[in-house]
Amino acid sequence: MKLYNTLTRKKEEFVPIKEKEVGIYVCGPTVYNYIHVGNARPMVVFDTLRRYFLYKGYKVNYVSNFTDIDDKIINKAKEEGKDYHDITDKYIKAYMEDSRDMNFYEENTIHPRATEYIDPMIDFVKGLEDKGAAYNVDGNVYFDVSKAKNYGKLSKKNVDDLKAGARIGISDEKQSPVDFALWKKRKEEWEPAWESPWGKGRPGWHLECSVMAKSILGETIDIHAGGEDLQFPHHENEIAQSETLTDKQFANYWLHNSMITVYNEKMSKSKGNFFLLRDIKQHYDLEVVRFWLLSVHYRNPINFSEEVMEQTKNGLERLYNGKKRLERLMEKAEARELSDEEKNISEKIDGYRNNFEKAMDDDLNTADAISAMYELVKYSNVELSEDNSREIIEKAYNTLMDLAKVIGILNRKDEEENLDEKVEKLIQDRQDARKNKDFALADKIRDELLEMGIVLKDTRDGVVWEIKK
Ligand SMILES: [Zn+2]
């Protein structure tokens with residue numbers, strides 16, 4: 001499997017540290033607000049990467065943190081006159097609800113909160129001080145960037161350029177404008193703060209991620225991931241402090257997803273196009289949002305528009321209809337050995353699975369992988385009927401569902417079970433309408449069923465229905 005490594009700017013064959021095991025750290029949200037679609041993209045993309053590793057038989061150690069102490073949180077708590085815990089608890093709870101609706105694979109996910117790792121954070125800073133790579137100025141501790149080897153290696157930035165471009169006078173206490181805070185002194189009495197060798201204060205954001213990753217996954221991790229906006233300074237600073245402390249490579253692969261545009265404009269708070277998942281949820285099932293986020297390769301920008309969302313919704317319905325049709329065929333078809341023709345069909349089905357895997361192996365090309373799923377459904381709709389053996393229908397169904405599990409879709413339960421009932425009821429209504437000679441109503445119901453992708457056939461045994469091919 002090849003992954004594009006931001007560190008080398010190349011697609012590289014993925015080689016895990018431990019065989020058939022992978023550790024992934026994804027920078028999670030700062031929990032002072034609801035999740036917007038921009039936050040959701042890395043979550044969906046790297047959740048899908050994790051699912052693909054599981055599909056390939058890997059043990060996956062997946063860490064997605066909550067930044068639960070930060071200026072933004074402290075400010076919000078002050079604004080609302082609340083304890084900061086009330087803010088973070090509320091938005092962590094909301095995150096978990098969105099996570100469920102986005103079908104994130106939570107069974108095995110570790111969600112560390114920064115505030116649970118204050119002691120190892122203090123130890124980490126002490127370690128850097130011992131190495132002469134950190135300095136304390138009146139309770140604020142800074143990382144000395146001149147002590148880092150190859151600073152700028154991830155974002156390809158040059159320290160001298162950064163120094164020249166830095167705004168002067170923002171913080172006179174730093175030895176160099178590129179140095180960054182490891183530990184921040186409490187400014188006011190009411191601010192949340194922890195005891196430390198440098199007085200009461202709290203950790204800096206970059207330190208939080210380095211320490212959580214190291215504490216849970218070890219000094220060198222397989223994959224560190226996040227949005228491309230985190231490359232600099234966040235990830236660059238994580239590398240600088242971690243590698244200066246341990247003298248080891250911090251992460252072997254750095255993965256970054258591209259941005260989201262909304263009606264072809266950059267998302268920004270000032271433009272008011274910062275869509276929250278809970279707002280979108282009023283119009284679209286979050287499964288549609290997930291499917292949309294995977295419809296474009298993760299390193300390309302993706303655009304949100306109503307039109308695109310409608311197309312995505314219809315595409316997802318086509319897959320659901322294909323799934324439903326195979327389920328019905330499985331119930332009707334008889335078990336028997338594969339015919340020669342079915343052996344060919346079986347090979348074709350394997351071909352679609354291979355295409356899916358090939359796309360995913362090529363730097364997680366979910367767009368092409370999804371195309372393979374559409375082709376499988378289209379092929380099944382045309383080639384398979386209840387006259388086929390149950391075995392071959394089952395094979396098509398199991399293949400579709402294996403791939404759907406990787407993409408994280410087609411797991412809607414309630415409606416699935418209700419589709420039969422819903423269709424049967426509409427058919428009954430139509431029969432009644434015809435009996436009452438209300439042909440206009442009967443036609444209207446037929447059209448409604450057609451819109452759902454259901455075709456009716458009048459036979460001698462009554463009306464039968466099937467999913468439109
Ligand atoms: Zn982070």
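Note that ligands are numbered from 1 as they come in the structure, with each ligand's atoms numbered from 1 the same way.
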Checklist entry - Which residues and atoms, protein N, O or S only, are under 2.8 Å from the Zn ion (ligand 1)? => result C27 SG, C209 SG, H234 NE2

Checklist outcome for this item: Residues pairing under salt bridge (Lys or Arg N to Asp or Glu O under 4.0 Å) where one sits in residues 78-90, two or more places apart or in two chains, turn out to be E80-K82, D89-R113

Item to check | side chain to side chain contact (heavy atoms under 4.5 Å, CB included) partner of V60, the single match among R50, R51, E21 | outcome: R50

Checklist entry - With T366, which of L49, V296, V406, T48 fulfils side chain to side chain contact (heavy atoms under 4.5 Å, CB included)? => result T48

Checklist entry - What residue pairs, at least two apart or across chains, pass salt bridge (Lys or Arg N to Asp or Glu O under 4.0 Å) with a residue in residues 207-236? => result E219-K248

Checklist entry - What pairs of residues pass the ring-ring contact (aromatic ring centres under 6.0 Å, His included) test when at least one of them lies in residues 200-222, not counting sequence neighbours? => result F180-H206, W205-H234, H206-H234

Item to check | Cation-pi geometry met for K323 and Y397 (6.0 Å, 45°) | outcome: no

